[in-house]
Amino acid sequence: LHHIQYQINGGEWKSCDNNTNLIFSESGKHSLNHSATDHAGNVEPMKTTHFTIDKEPPSTDIHYGVMDGSLSISLTATDMFSGVNKTEYQIDNGSWTVYTAPFSVSRNENHTIYYNSTDNASNREGVHTLVLKHPRANFSWTPILPNVSEEVNFIDFSFDVDGSIVNWTWNFGDGNLSHSQHPWHT
């Protein structure tokens with residue numbers, strides 16, 4: 001063997017001897033064109049090798065929305081090079097579960113969702129956390145000591161630490177309801 005010629009990712013052609021190690025350290029898709037020439041000047045037909053190096057973990061996004069009194073939660077994972085092998089989640093202190101479809105949690109309880117993904121090159125992203133806290137109802141009224149048949153103004157002080165309140169339902173116990181944030185009732 002006289003020498004080997006090689007080309008990395010379409011770059012310039014280089015020559016090396018039989019005992020040369022080529023080091024690829026960048027994540028991504030790579031190609032290596034190569035051929036050998038012997039001492040008689042015979043040139044081997046060019047061969048091409050394609051391969052991928054994946055040192056990057058996948059990325060997982062979480063989405064949630066209200067569905068029939070629960071929160072429906074979906075996870076979407078992407079990976080640039082080798083593809084996603086699995087996505088996992090944990091609800092509160094429960095067991096880790098492989099994600100296969102959207103899941104639900106109660107809107108009436110606080111929950112912590114942990115999640116992450118692993119790619120086909122065994123790169124695992126760090127654990128993400130989503131804390132879901134249900135709104136807290138709080139209100140006052142005026143006048144503080146109303147007379148019979150006197151109109152009462154209810155003043156909302158409710159809060160939602162991880163979002164905003166988008167709906168109010170006041171049940172006055174006499175068959176009347178209001179969806180106003182600050183209703184009046186007699």
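Predicted, not measured: the structure shown is a model, and the values here were computed from it.
Under a hydrophobic-cluster definition in which Ile, Leu, Val, Met, Phe, Trp and Tyr are linked whenever side-chain heavy atoms come within less than 4.5 Å, directly or via other members, Val105 and Tyr64 are assigned to the same cluster. Following chains of ILVMFWY side-chain contacts shorter than 4.5 Å, one cannot reach Tyr114 starting from Ile73, and the two form parts of different hydrophobic clusters. Hydrophobic cluster membership is shared by Ile8 and Phe51, with clusters built from Ile, Leu, Val, Met, Phe, Trp and Tyr side chains linked at under 4.5 angstrom. Cluster annotation: Ile53 and Met80 are assigned to distinct hydrophobic clusters (Ile/Leu/Val/Met/Phe/Trp/Tyr, side-chain heavy-atom contacts under 4.5 Å, transitive). Following chains of ILVMFWY side-chain contacts shorter than 4.5 Å, one cannot reach Tyr99 starting from Val84, and the two form parts of different hydrophobic clusters.
A heavy-atom distance below 4.5 Å is found between the side chains of Ile62 and Ile113. Ser106 has its side chain within reach of His111: a pair of non-hydrogen atoms, C-beta onward, lies under 4.5 Å apart. Two residues are said to be in side-chain contact when any heavy atoms from C-beta on lie closer than 4.5 Å; Phe81 and Asp119 fail this criterion. With contacts defined as side-chain heavy-atom distances shorter than 4.5 Å, the pair Asp54/Asp79 qualifies. Asn33 has its side chain out of reach of Lys47: every pair of non-hydrogen atoms, C-beta onward, lies at least 4.5 Å apart. The shortest side-chain heavy-atom distance between Thr87 and Val98 does not fall under the 4.5 Å cut-off. In this structure the side chain of Pro143 reaches within 4.5 angstrom of the side chain of Glu150, judged on heavy atoms. Counting only heavy atoms from C-beta outward, the side chains of Phe139 and Ile155 never approach each other to under 4.5 Å.
Contact between Gln5 and Ser15 at its shortest, heavy atoms only, is CG-OG, 3.9 Å. Here the closest heavy-atom approach between residue Ser104 and residue Ser72 is recorded as OG-CA, 4.2 Å. Scanning both residues, Thr49 and His34, for their nearest heavy atoms gives OG1-NE2, 3.5 Å. Contact record, Lys133 with Asn110: CA-OD1, 3.1 Å, taken as the closest heavy-atom pair. Nearest heavy-atom pair, Ser27 versus Lys55, reported as atom, atom and distance to 0.1 Å: OG-N, 2.9 Å. Across all their heavy atoms, Asn123 and Pro57 have their closest contact at CB-CA, 3.7 Å.
Side-chain rings of Tyr89 and Phe103 approach one another, their centers coming within less than 6.0 Å.
Atom NZ of residue Lys29 and atom OG1 of residue Thr52 lie 5.5 Å apart, to the nearest 0.5 angstrom. Distance NE2/His128 to CG/Asp61: 8.0 Å, rounded to 0.5 Å. Note: Ser122 OG to Asn85 CG = 7.0 Å, rounded to the nearest 0.5 Å. To the nearest 0.5 Å, the span separating NE2 on His63 from CG on Leu71 amounts to 14.5 Å. For the atom pair Ser59 OG and Asn116 CG, the distance stands at 11.5 Å (nearest 0.5 Å). Atom NZ of Lys86 is separated from atom OG1 of Thr100 by 13.5 Å, given to the nearest 0.5 angstrom.
By the neighbour-count criterion of 12 heavy atoms within 6.0 Å, atom CD of Glu26 is sparsely surrounded, having that number or fewer from other residues, nucleotides or ligands. Counted within 6.0 Å of CG on Asp174, heavy atoms from surrounding residues, nucleotides or ligands total more than 12; the atom is thus considered enclosed. More than 12 heavy-atom neighbours from other residues, nucleotides or ligands sit within 6.0 angstrom of CG on Leu22. Shown here is Trp96, whose CH2 atom has more than 12 heavy atoms of other residues, nucleotides or ligands within 6.0 Å.
In this structure, a donor-acceptor pair under 3.5 Å is present between the side chains of His30 and Asn9.
The backbone N or O of Asn138 sits less than 3.5 Å from a side-chain atom of Ser158, completing a donor-acceptor pair. Between the Asp156 side chain and the Gln181 main chain, no donor and acceptor come within less than 3.5 Å of each other. Of the possible polar contacts, one joining the Asp17 side chain to the Asn19 backbone as a donor-acceptor pair under 3.5 Å is found. With hydrogens and angles disregarded, no donor-acceptor distance shorter than 3.5 Å links the side chain of His3 to the backbone of Cys16.
The aromatic rings of Phe154 and Trp170 sit tilted relative to each other, their planes meeting at an angle between 30° and 60°. Between Phe172 and His185, the ring planes lie parallel to each other; the angle is under 30°, not in the 30° to 60° tilted range.
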**Request:** Tell me, with the steps shown, if His179 and Thr169 meet side-chain contact (heavy atoms from CB on, under 4.5 Å).
**Result:** CA-CA 5 Å; His179 295 287; Thr169 301; 3.3 Å; yes

